[in-house]
Number of protein chains: 2
Amino acid sequence: MEKVDKIFHNNELNPNVSVDCVIFGFDFEKLNVLLIDRGSNVGPRLALPGNLIYDSENLNQAGSRVLDELTGLKNIYLEQVGAFGDPDRINNKSDQEWLKSIRAEPTARVITVAYFSLVKMDDYLPQASSFAKTAEWVSVNEITELAFDHMDILNAAKDKLKEKIKTQPIGFNLLPEKFTLSQLHRLYESILEKPLDKRNFRRKIQKLDIVSSIKEKQRGVPHKPSQLFIFNQEKYQLLTETGFDNFGF
Amino acid sequence: MEKVDKIFHNNELNPNVSVDCVIFGFDFEKLNVLLIDRGSNVGPRLALPGNLIYDSENLNQAGSRVLDELTGLKNIYLEQVGAFGDPDRINNKSDQEWLKSIRAEPTARVITVAYFSLVKMDDYLPQASSFAKTAEWVSVNEITELAFDHMDILNAAKDKLKEKIKTQPIGFNLLPEKFTLSQLHRLYESILEKPLDKRNFRRKIQKLDIVSSIKEKQRGVPHKPSQLFIFNQEKYQLLTETGFDNFGF
DNA sequence: CTTACTTTGTGTCATTTTAACACTTTCAAA
DNA sequence: TTTGAAAGTGTTAAAATGACACAAAGTAAG
């Protein structure tokens with residue numbers, strides 16, 4: 001009985017539950033993911049950032065915390081992908097050893113709750129970081145192997161993002177405040193992994209009326225400068241309130 | 001080290017992780033959910049069926065097991081909804097007591113992984129059951145209060161089902177092998193919670209070509225008997241292989 | 001200063017999809 | 001035989017989609 005209260009309200013790491021984050025960034029060309037380099041002593045070097053949860057925080061808070069601890073970023077778009085928990089997801093000795101090296105707790109059977117988040121790549125430049133863990137942006141298309149079951153998690157996150165962006169304008173979280181329609185176009189193509197006709201794309205976006213052009217153009221580009229736009233939060237609110245439920249991509 | 005292996009490969013209940021199942025059934029009129037009646041000693045009497053997981057099973061297996069233990073059903077459509085884990089999801093004394101009464105383990109901070117499953121209601125008739133736990137079908141629209149955070153889970157499951165049925169023909173899991181188009185129509189209306197034009201619905205389904213009429217009609221109904229159909233798995237496979245990705249509801 | 005290069009930005013048309021809508025048919029029960 | 005109740009069926013107007021090509025606006029290089 002005493003034990004119940006202690007376990008229930010303490011502020012310790014829960015040895016059985018972790019969160020892992022698939023942090024997406026967009027470099028105006030392709031989609032990238034922020035990965036941890038675990039060094040050369042383990043199986044696949046690269047892994048998703050993650051950690052055990054504290055018993056005092058909820059899952060979203062744990063996801064935000066992992067993101068914050070790695071990048072220093074707060075108030076980031078974050079969405080749960082799901083729970084992953086094969087008993088053998090930590091399936092080799094060196095991975096178990098690595099986990100023990102970064103965690104206070106021994107390596108029990110862990111289920112992990114995966115999140116994906118969308119950040120502006122400029123907000124986190126790995127080389128400028130002084131954090132102990134080394135993180136790096138890797139193009140999603142070049143990732144073929146990750147630690148543990150992180151490849152499954154990445155794929156699930158990609159699928160979730162694909163579905164989500166078809167119905168909600170979350171892509172703007174990956175772009176700076178001011179952006180061009182071409183950048184938005186390339187973003188959608190990167191996420192959906194298929195080409196979209198330029199004119200049809202622009203027509204659809206403009207019809208939705210959720211971006212507004214501003215009195216400013218691209219500068220210093222060696223070609224016709226592009227009109228800049230901003231995301232129009234208010235108009236999107238209006239849309240959703242009238243029962244709108246997808247963008248039809 | 002010894003402890004690691006013991007924790008990792010044992011076959012005990014994991015005190016920190018549970019699964020809960022939203023089991024949907026369709027009575028040709030409306031959508032129902034199978035709920036546990038916890039009796040009158042606790043807050044809300046009704047709860048989703050669920051249990052702690054064993055360290056030796058994966059999450060899907062745990063979901064299937066909970067479903068099987070309650071209904072005796074196997075090989076049921078099951079899909080993860082997500083993880084729920086507010087530290088205060090078990091927020092009153094009587095609920096803690098109740099949990100302790102049905103579980104060997106004390107009530108630690110638990111995160112739960114929610115699943116939804118689709119069953120043919122006829123396959124589980126509560127009154128005919130001899131299980132100790134009493135379960136009952138309750139119309140989703142009449143559920144206003146559930147134990148713990150189960151109302152949140154139910155709502156998330158409903159949303160997930162809505163999204164899923166727009167892109168995959170999972171509704172057939174809720175119907176008998178032979179069904180009428182009107183039954184399928186009412187099923188879609190129940191799940192999507194909006195009326196669908198009868199003629200447009202039938203046209204869409206028939207165009208998709210994933211149901212086949214059989215040489216048999218409804219019998220004994222006091223009106224024009226309906227043509228019976230079966231779900232055509234092969235044609236659906238063909239559809240998905242050619243990049244098809246939604247039904248457009 | 002002219003040319004070459006690169007990306008932006010724009011409109012039409014044919015086809016498909018959607019939404020709205022009402023009456024006849026077929027059976028059982030009274 | 002009449003009544004009631006659900007099944008089954010087609011058209012049309014409006015909207016959305018997909019396919020497609022060329023002129024405009026800037027920088028860079030010579």
Side-chain angles (χ1 to χ4, degrees), chain A residues 26-30 166-167 175-176 178-190 192-230 239 242-249, chain B residues 26-30 166-167 175-176 178-190 192-230 239 242-249:
Chain A
F26 180 63
D27 59 13
F28 301 124
E29 272 298 319
K30 55 195 168 15
K166 288 178 187 172
T167 75
L175 291 172
K178 303 168 184 179
F179 53 86
T180 72
L181 291 187
S182 293
Q183 290 168 343
L184 188 62
H185 181 205
R186 262 175 254 125
L187 173 57
Y188 272 78
E189 289 187 325
S190 303
L192 297 174
E193 295 181 293
K194 69 179 182 191
L196 300 171
D197 180 84
K198 179 167 60 162
R199 281 181 283 193
N200 295 339
F201 176 82
R202 293 167 88 97
R203 179 180 38 181
K204 184 168 290 182
I205 292 292
Q206 308 237 32
K207 170 113 63 78
L208 287 171
D209 198 28
I210 53 168
V211 296
S212 307
S213 65
I214 59 176
K215 286 191 189 62
E216 195 179 342
K217 295 196 173 194
Q218 254 185 337
R219 298 199 52 129
V221 286
H223 56 260
K224 180 173 177 176
S226 182
Q227 178 61 243
L228 289 172
F229 290 81
I230 56 173
L239 257 189
T242 55
F244 168 85
D245 83 338
N246 85 65
F247 289 169
F249 283 107
Chain B
F26 179 64
D27 60 12
F28 301 125
E29 272 298 323
K30 55 197 168 9
K166 289 178 186 173
T167 74
L175 290 171
K178 302 168 184 178
F179 53 86
T180 72
L181 290 188
S182 293
Q183 290 168 344
L184 188 62
H185 181 206
R186 263 176 254 126
L187 173 56
Y188 272 78
E189 289 187 326
S190 304
L192 296 175
E193 295 182 293
K194 69 179 181 191
L196 301 171
D197 179 85
K198 178 165 63 161
R199 281 179 284 194
N200 294 340
F201 176 83
R202 293 167 87 98
R203 173 159 39 104
K204 184 169 292 182
I205 293 291
Q206 308 236 32
K207 170 113 64 77
L208 287 171
D209 198 27
I210 53 168
V211 297
S212 307
S213 65
I214 58 177
K215 287 193 189 62
E216 195 179 341
K217 294 195 174 194
Q218 255 186 336
R219 298 197 53 128
V221 287
H223 54 257
K224 180 173 177 176
S226 182
Q227 178 63 241
L228 289 171
F229 290 81
I230 56 173
L239 257 190
T242 55
F244 168 84
D245 83 339
N246 86 66
F247 289 170
F249 284 106

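Chain A is the first sequence line, chain B the second, and so forth, proteins listed ahead of strands; every chain is numbered from 1.
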Phosphate OP1/OP2 of dA16(D): any K207(A) side-chain N/O under 4.0 Å: yes
OP1 or OP2 of dT8(C) sitting under 4.0 Å from any side-chain N/O of S182(A)? yes
Is the cationic atom of K204(B) (NZ for Lys, CZ for Arg) positioned less than 6.0 Å from the six-membered ring centroid of F247(B) and within 45 degrees of its normal? no
When rounded to whole Å, the NE2 to P distance for the pair H223(A) and dG26(D) reads 11 Å
Rounding to an integer number of Å, can you tell me how far K217(B) NZ sits from dC27(C) P? 6 Å
Considering only side-chain heavy atoms of K224(B), which listed nucleotide, dG11(C), dG9(C), dT25(C), is closest? dT25(C)
Heavy atoms from C-beta onward define the side chain here; which of dT17(D), dT9(D), dG10(D) lies closest to that of K198(B)? dT9(D)
Applying a 4.0 Å non-hydrogen cut-off, can you work out what T180(B) is touching in the nucleic acid: base, sugar-phosphate, or nothing? nothing
Most 5' of P222(B) and F247(A) on DNA chain D, judged by nearest nucleotide: P222(B)
So what does R186(A) hit on the nucleic acid, given a heavy-atom distance under 4.0 Å: a base, only sugar-phosphate, or nothing? sugar-phosphate
Name the nucleic acid region contacted by Q227(B), choosing base, sugar-phosphate or nothing; use a 4.0 angstrom heavy-atom cut-off, strictly under. sugar-phosphate
Find the distance F249(A):CZ to dG18(D):P and express it as a whole number of Å. 11 Å
Return the 5'-most residue of the pair N200(A), P225(A) with respect to DNA chain D, ranking by each residue's nearest nucleotide. N200(A)
Send over the distance from R203(A) CZ to dG11(C) C1', rounded to a whole Å. 9 Å
Taking it one step at a time, do L228(A) and T180(A) satisfy side-chain contact (heavy atoms from CB on, under 4.5 Å)? CA-CA 5 Å; L228(A) 289 172; T180(A) 72; 3.8 Å; yes
Donor-acceptor pair, distance only, cut-off 3.5 Å: does the side chain of Q218(A) make one with the backbone of S226(A)? yes
Starting at atom NZ of K194(B), determine the distance to atom P of dA20(C), rounded to an integer number of angstrom. 11 Å
Taking side-chain contact (heavy atoms from CB on, under 4.5 Å) as the criterion, tell me which of R202(B), R203(B), K198(B) meets it with N200(B). R203(B)
Does dG8(D) have OP1 or OP2 sitting under 4.0 Å from an N or O in the side chain of S226(B)? yes
Atom CG of L184(A) to atom P of dT8(C): distance rounded to whole Å? 13 Å
Looking at Q183(B) and F28(B), would you say the former's side chain and the latter's main chain have a donor-acceptor pair under 3.5 Å? no
Quickly work out the D197(B) CG to dT9(D) C1' distance and round it to whole Å. 12 Å
From C-beta outward on R202(B), which listed nucleotide comes closest to its side chain: dG8(D), dT8(C), dA22(C)? dG8(D)
Using whole Å, what does the distance between atom C1' of nucleotide dA5(D) and atom CD of E29(B) come to? 14 Å
